[in-house]
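Right, one structure below, let's go through it.
Every chain is numbered from 1, with letters handed out A, B, ... down the list of sequences.
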Protein chains: 2
Amino acid sequence: MHTYEYPRPALTVDCVVFGLDENDLKVLLIERGIEPFAGKWALPGGFVNPEESLEDAAKRELKEETGVDNVFLEQLYTVGDVDRDPRERVITVCYYALVNLQEHNVEASTDASNAAWFEMDDLPELAFDHNMILEMALKRLQSKIRYEPIGFELLPKKFTLTQLQQLYEKIIGEKQDKRNFRKKLQKMGILVALDEIQKDVAHRAARYYSFDEEQYKEKKEKGFHFEI
Amino acid sequence: MHTYEYPRPALTVDCVVFGLDENDLKVLLIERGIEPFAGKWALPGGFVNPEESLEDAAKRELKEETGVDNVFLEQLYTVGDVDRDPRERVITVCYYALVNLQEHNVEASTDASNAAWFEMDDLPELAFDHNMILEMALKRLQSKIRYEPIGFELLPKKFTLTQLQQLYEKIIGEKQDKRNFRKKLQKMGILVALDEIQKDVAHRAARYYSFDEEQYKEKKEKGFHFEI
DNA sequence: CCAAAAGTGTTTCACGTACACCCATGC
DNA sequence: GCATGGGTGTACGTGAAACACTTTTGG
C-alpha cells in the first residue's frame, strides 16, 4: 500500500463548550457568516495547523473563540462521513470543554463572528451534523460526571454543597436527596471545608468547600473510585 | 477563514482486534514490511478511501486483514501528533473490534504481510505510537465490559457460565466468586438456558447459555442497567 | 473409584434510601 | 417576626460478599 495514493480530506477540530451559569447548563455557539449554513448556529472550530497537535488546535480555537484557556478539555469523537460537508470531504475531531462562567469572564463574541450561550434545553437547529455531536457531548458529560470528578470544572474554586448538588441535578436531570448527597460527598474525603462562608445572603450563610485534587489523586491510586 | 489554507495530513484508520481463544485475550498484529519500523509489529490499518466513511474504512481493513466481518467495532480515539509518523503528518482514527476466535476462523496471515495473534501480557514493542493505542483500547475494553454486555462478542453463541466468568476474570484481571457471579447473571434475565449441554467432557457436563439481545434491549429501554 | 469441573443457599454486613425539623441571616 | 435556604441523624431494606459441599461424567 502506497502512501500518497488518495486525495486528502480537510481536517478540522470542533469544540463543544459547556458552561454553567447560575441557573443552567449552557453551550457556546457561533453564528455562521458564510455558506453553507450561513446564518445557522454551529459549534466553534476550525482548521488544524500543520505544526500543532489536535489537542493544541482545540485549545487554540477555544482560546480564540472564548478567551479562556487552561480548562478541562477532552477528545469526544471523530466524524468523517463523506457528505457531512457539502463542499468537500471534511474530517472533524471533536472535543468538549468545561468552563466555569463565574471565574473566567467568557467573551461570547469574538472577531467578526457572532457568538452566544444557549441553554441546553433551548437549542436552535445547528449547521452540519453539529446537533448530533452536541448530543454525544451531552451524553458523555452526563455519564462521565458520575464516575469522574469533572463536575468541579464547571464550578468556581469555592462552592457550596448546594451548588454542587444543583450542578448534578441539572446535568443528570434527576433530583438528589440533600442529606444523602452531602453524606456521600463528605465521606469521600476529597472536599475541604473552607473557613469562609457566604456573605450578604438573606438566609443562613452556607459554608464554602473546595475540591482537593491532590487528595483525590492519592486516593485514586489506592483504589478509590468516585461515583455519584 | 478559508477552506484550502493548509497542506493536508494523511488520514488512516487502525484497528485493535481483540480475540479470545480458549485461554487468553489476544490481539492481532501485522509485521511491517517497509520502513519506517520495518520488521516491527503494528496494528492493522490503512488509508481511508475518498468514498467511504471512517467506520466503513475500519470494517474494510478488518475484513482484508482478518477475513471477518459483522463483528463488534467501535471508535476508540484519534491520534494526530505532528511527529508520530517520521515521514509526514498522519492522522489516525483508531477503532477496536471484538471477534470470537472459535466461530470465525480468523486467517492470521493475509497477502504478503505476516500477521499473528499475541497474548496481551506478552506483547512486542510496536511501531509508531501503537503501544499507547493498544493500551487505550485495553482500558476501554476493561471498563466497558463492566457496564455494557459486549463480553458476549468474544464468546461463541453458545457458552457455559464458566466460560463467561473466565472471560471476565481474564479481561478485568480479578477472580469472581462462582456462586455470586451466576446468581447475578441469571437474575439479570438476559441469558437463556439452552437445552444443550457439553459433550465428551471428563466431568459433569455444563449447560449452554446464549445472550438474549432482544431481551436486553427491551430491558434497557425500561431502565435496566447491565453491570458486573 | 478417582479426578475434574458443574451446580447450588444461607448468613452477614455495608450501603443506599427515605424522611422532618431546627438554625442562621437579611429585610 | 417572617421568609429563605443551610444544615443535620436515624431506621429500614436491598444487594454485595463470603463461604463448602454434593453431583455428574470419563477414564
Original post:
Once you round it to whole Å, what is the distance between C1' of dA17(D) and NZ of K175(B)?
Top reply: 17 Å
**OP:** Map R179(B) and D200(A) onto DNA chain C by nearest heavy atom, then report which one ends up closer to the 5' terminus.
**Re:** R179(B)
**OP:** Answer with base, sugar-phosphate or nothing: what part of the nucleic acid does K183(A) contact at a heavy-atom distance below 4.0 Å?
**Re:** base
**OP:** Using whole Å, report how far NZ of K184(B) lies from P of dT8(C).
**Re:** 18 Å
Original post:
What is the distance from CG of N180(A) to P of dA20(C), rounded to the nearest Å?
Top reply: 13 Å
Original post:
Is there a donor N/O on one and an acceptor N/O on the other, under 3.5 Å, for the side chain of K199(A) and the base of dT25(C)?
Top reply: no
Check: protein-nucleotides 3-7 of chain C nitrogen or oxygen pairs below 3.5 Å:
| from | atom 1 | to | atom 2 | distance (Å) |
| --- | --- | --- | --- | --- |
| dA6(C) | OP1 | T162(B) | OG1 | 2.8 |
| dA6(C) | OP2 | T162(B) | OG1 | 3.1 |
| dA6(C) | N7 | K178(B) | NZ | 3.4 |
| dG7(C) | OP1 | R207(B) | N | 2.8 |
| dG7(C) | OP2 | R182(B) | NH1 | 3.2 |
| dG7(C) | N7 | K178(B) | NZ | 2.7 |
| dG7(C) | O6 | K178(B) | NZ | 3.3 |

**OP:** Compute whether any side-chain donor of one residue and acceptor of the other, for Y96(B) and E74(B), lie under 3.5 angstrom apart.
**Re:** yes
Original post:
Which value, rounded to the nearest 0.5 Å, describes the distance between E65(A) atom CD and I30(A) atom CD1?
Top reply: 4.0 Å
Subject >> Whole-Å gap separating P (dT17(C)) and CD1 (I228(A)) >> reply: 11 Å
**OP:** Look at the aromatic rings of Y216(B) and F211(B) and report parallel, tilted or perpendicular, splitting at 30° and 60°.
**Re:** tilted
Subject >> From Q166(A) atom CD to L164(A) atom CG, the distance as rounded to the nearest 0.5 Å >> reply: 10.0 Å
Original post:
Rounded to the Å, how far apart are Y208(A) OH and dG7(D) P?
Top reply: 11 Å
Original post:
Does F37(A) have its ring centroid less than 6.0 Å away from the ring centroid of F128(A)?
Top reply: yes
Original post:
Hey, what do you get for CG (L28(B)) to CH2 (W117(B)), rounding to the nearest 0.5 Å?
Top reply: 4.5 Å
Original post:
Nearest-Å distance, CZ (F181(A)) to C1' (dT8(D))?
Top reply: 16 Å
Subject >> Rounded distance (Å) that lies between atom P of dC15(C) and atom CE of M188(A) >> reply: 12 Å
**OP:** Send over the distance from E227(B) CD to dG15(D) P, rounded to a whole Å.
**Re:** 14 Å
**OP:** Please check if the side chain of Q163(B) supplies one atom and the backbone of T160(B) the other of a donor-acceptor pair under 3.5 Å.
**Re:** yes
